[in-house]
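Chain A is the first sequence line, chain B the second, and so forth, proteins listed ahead of strands; every chain is numbered from 1.
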Number of protein chains: 2
Amino acid sequence: MRIHLGPGHDDHLATAIVEGGGTLAELDDADALVWDGGPDDFPKDLPDHIRWVQLTYAGIEPFFRARLIDDRRIWANASGVYADNVAEYAVAGLLVGLRQFHSSLAATTWQKDEIDPRVRTLHGSTVAIVGCGGIGRAMIPRLHALGVEVVAVNRSGRPVDGAKSTLPSTRTAEVWSMADHFVIAAPATGETDRLVDAAVLEAMPDTAWLVNVARGNLVDTDALVDAMRAGKVAGAVLDVTDPEPLPDGHPLWDLDNVVITPHIANTRSHLTANFAPTLRENVRRFIAGEELLARVEPNAGY
Amino acid sequence: MRIHLGPGHDDHLATAIVEGGGTLAELDDADALVWDGGPDDFPKDLPDHIRWVQLTYAGIEPFFRARLIDDRRIWANASGVYADNVAEYAVAGLLVGLRQFHSSLAATTWQKDEIDPRVRTLHGSTVAIVGCGGIGRAMIPRLHALGVEVVAVNRSGRPVDGAKSTLPSTRTAEVWSMADHFVIAAPATGETDRLVDAAVLEAMPDTAWLVNVARGNLVDTDALVDAMRAGKVAGAVLDVTDPEPLPDGHPLWDLDNVVITPHIANTRSHLTANFAPTLRENVRRFIAGEELLARVEPNAGY
């Protein structure tokens with residue numbers, strides 16, 4: 001099994017390919033491609049002898065938009081690999097907001113009387129995970145241990161282990177009144193664009209915190225700014241924004257109860273090290289003719 | 001059982017007294033005193049017919065310092081009652097620091113390149129809980145679910161459920177090299193004053209985050225400022241400070257990796273509501289002649 005690694009060389013990925021039983025090769029000689037980059041410099045006219053493309057991103061909608069995902073070979077992505085990282089971030093985001101760390105961090109004096117009455121606890125609350133896949137499943141045991149009940153929304157509505165109820169995505173409209181706080185972790189597809197709009201922000205409890213770890217366009221940014229100003233939600237923790245990167249001077253930067261982090265729920269710094277074990281396993285599986293982890297479904301768009 | 005509630009009237013506490021089987025009474029007619037305040041306005045020369053004093057604070061060293069705790073009656077405090085609140089805060093504090101929320105919150109531009117490399121994950125780390133009582137025991141299942149191993153230090157060294165090792169407090173010096181991060185949750189006694197001093201900060205890994213949810217004087221503030229400036233620890237999350245409240249202009253306010261919250265791990269706002277179930281149970285137990293929850297040991301100083 002000859003595998004090309006591109007666009008650059010990464011030690012974690014190269015080692016994983018060799019440990020999985022592959023050998024590193026030039027693209028023209030390769031049976032498979034491990035692509036640790038975005039769509040812009042992806043090889044044009046990928047030769048047919050490339051039977052498998054392994055992407056190292058979890059969210060690969062830019063590859064779909066660039067019409068790179070074809071049905072002439074197998075594609076796999078990194079969905080679920082970074083789930084622990086992102087789940088940890090999402091839990092942290094809920095805690096930052098509810099426990100008012102953003103307020104304490106904004107203060108340079110001892111504002112106990114101002115901040116104390118605004119603190120809420122996460123334990124005892126119900127959190128809805130909208131788009132409950134790998135990240136959501138990694139969140140559930142963390143939330144349970146923190147004293148939180150979970151409501152899940154997924155595509156099929158098939159019950160998610162540990163969720164007290166699971167709704168199919170066709171019934172997403174019902175979830176906004178079923179939980180105290182909301183984590184958006186759905187894939188970015190045409191159906192999920194501006195999933196959280198003005199009506200949804202109106203339907204949530206005005207004490208709700210919203211955490212977005214999916215993609216920026218799943219939340220209607222202008223509607224969120226309006227809802228925050230009107231006090232229709234308690235706050236938002238956004239690791240992804242629309243537009244992204246969020247431009248200097250954007251109104252979101254100035255809202256007291258909006259916590260913006262620059263797309264670091266899954267840090268680029270540790271990405272290849274985290275992905276290496278999955279790559280090693282997929283190389284082994286491809287050689288053995290077994291089903292790959294995180295195989296892309298070209299027709300579903302993720 | 002006639003019980004005086006002071007210094008003010010609180011509905012949560014009054015209801016708990018009645019539900020536990022007591023009746024509200026003036027101090028001169030009472031068998032017991034529920035004191036929802038500090039030592040300053042505590043009744044002078046408490047009459048001997050007060051056979052039980054229930055304090056609503058968990059940390060009662062100011063009462064000891066004021067020599068109010070005598071052995072002529074039973075005393076109980078609120079130790080352990082607020083454990084879930086404080087444990088949740090301590091876990092949140094670790095996440096805020098490791099995931100660099102303080103850096104994101106300090107930014108008003110999209111600083112991905114600056115912040116991404118500094119992010120660390122909590123999962124995979126080992127956390128030492130120094131002073132592992134009620135708060136520590138409430139932290140352990142939370143930390144386990146977050147992928148963290150725990151080392152505990154307590155007075156006796158009796159193994160704490162869920163900790164991979166437990167040291168007696170006489171061996172505290174060993175713990176600083178046994179964990180990645182540290183939560184200080186020990187009672188404030190003569191022995192724990194400045195427990196975390198310059199030598200301890202030197203002994204910790206320079207990637208360590210320190211969370212103090214105990215009392216400010218358990219950390220030597222000047223030594224912490226020096227250690228932070230010298231890069232000997234990664235950061236600190238302090239819900240308690242020495243001096244407290246932390247005065248305006250204190251050097252701690254200006255350190256990038258020090259997160260200060262104004263003593264809100266256990267919020268005063270929800271204090272009596274959280275304590276009410278314990279008070280109801282202690283009233284029932286006192287009437288029944290049973291051992292009280294969180295009985296104070298006058299000779300141990302907590």
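- Heavy-atom pairs under 4.5 Å with chain B peak, among Gly249(A), Ala138(A), Pro117(A), Pro247(A), at Pro117(A).
- Between the side chains of Asn85(B) and His123(A), at least one donor N or O sits under 3.5 Å from an acceptor N or O.
- Neither the backbone nor the side chain of Asn274(A) comes within contact range of chain B; no heavy atom of the residue lies under 4.5 Å from a heavy atom of that chain.
- Side-chain atoms of Trp110(A) and Ile260(B), non-hydrogen and from C-beta on, do get closer than 4.5 Å to each other.
- Of the atoms belonging to Glu114(A), not a single heavy atom falls under 4.5 Å from chain B.
- Heavy-atom distances place the backbone of Ala107(A), and not its side chain, under 4.5 Å from chain B.
- Note that the OG1 atom of Thr121(A) and the OH atom of Tyr89(B) stand 15.0 Å from one another [nearest 0.5 Å].
- From Ile115(A), atom CD1 reaches atom OG1 of Thr261(B) across 8.5 Å, with rounding to the nearest 0.5 Å.
- A pairwise comparison of heavy atoms in Asp116(B) and His263(A) identifies OD2-O, 4.5 Å as the closest pair.
- When the shell of 6.0 Å around CZ of Arg194(A) is examined, it contains 12 or fewer heavy atoms from other residues, nucleotides or ligands.
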- [ ] Please test Val259(B) against Ser104(A) for side-chain contact (heavy atoms from CB on, under 4.5 Å), starting from the C-alpha separation and ending with a verdict.
- [x] CA-CA 8 Å; Val259(B) 176; Ser104(A) 291; 5.8 Å; no
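- A donor-acceptor pair is defined here as one N or O able to donate and one able to accept, closer than 3.5 Å; no such pair exists between the side chain of Gln111(B) and the backbone of Pro262(A).
- Between chain A and the options Arg118(B), His250(B), His144(B), Glu244(B), the largest number of non-hydrogen pairs under 4.5 Å is found for Glu244(B).
- Residues Leu105(B) and Phe101(A) fail the side-chain proximity criterion, which asks for heavy atoms closer than 4.5 Å.
- Listed for the Glu88(A) side chain is a donor-acceptor partner under 3.5 Å among the backbone atoms of Leu122(B).
- Scanning both residues, Lys112(A) and Ile264(B), for their nearest heavy atoms gives NZ-CG2, 4.2 Å.
- Looking at Asp248(A) and Thr108(B), their side chains never come closer than 4.5 Å, going by heavy atoms from C-beta outward.
- Of all heavy-atom pairs between Arg99(A) and Ala265(B), the closest is NH2-O, 2.6 Å.
- In this structure, Asp161(A) places its CG atom where only 12 or fewer heavy-atom neighbours from other residues, nucleotides or ligands lie under 6.0 Å away.
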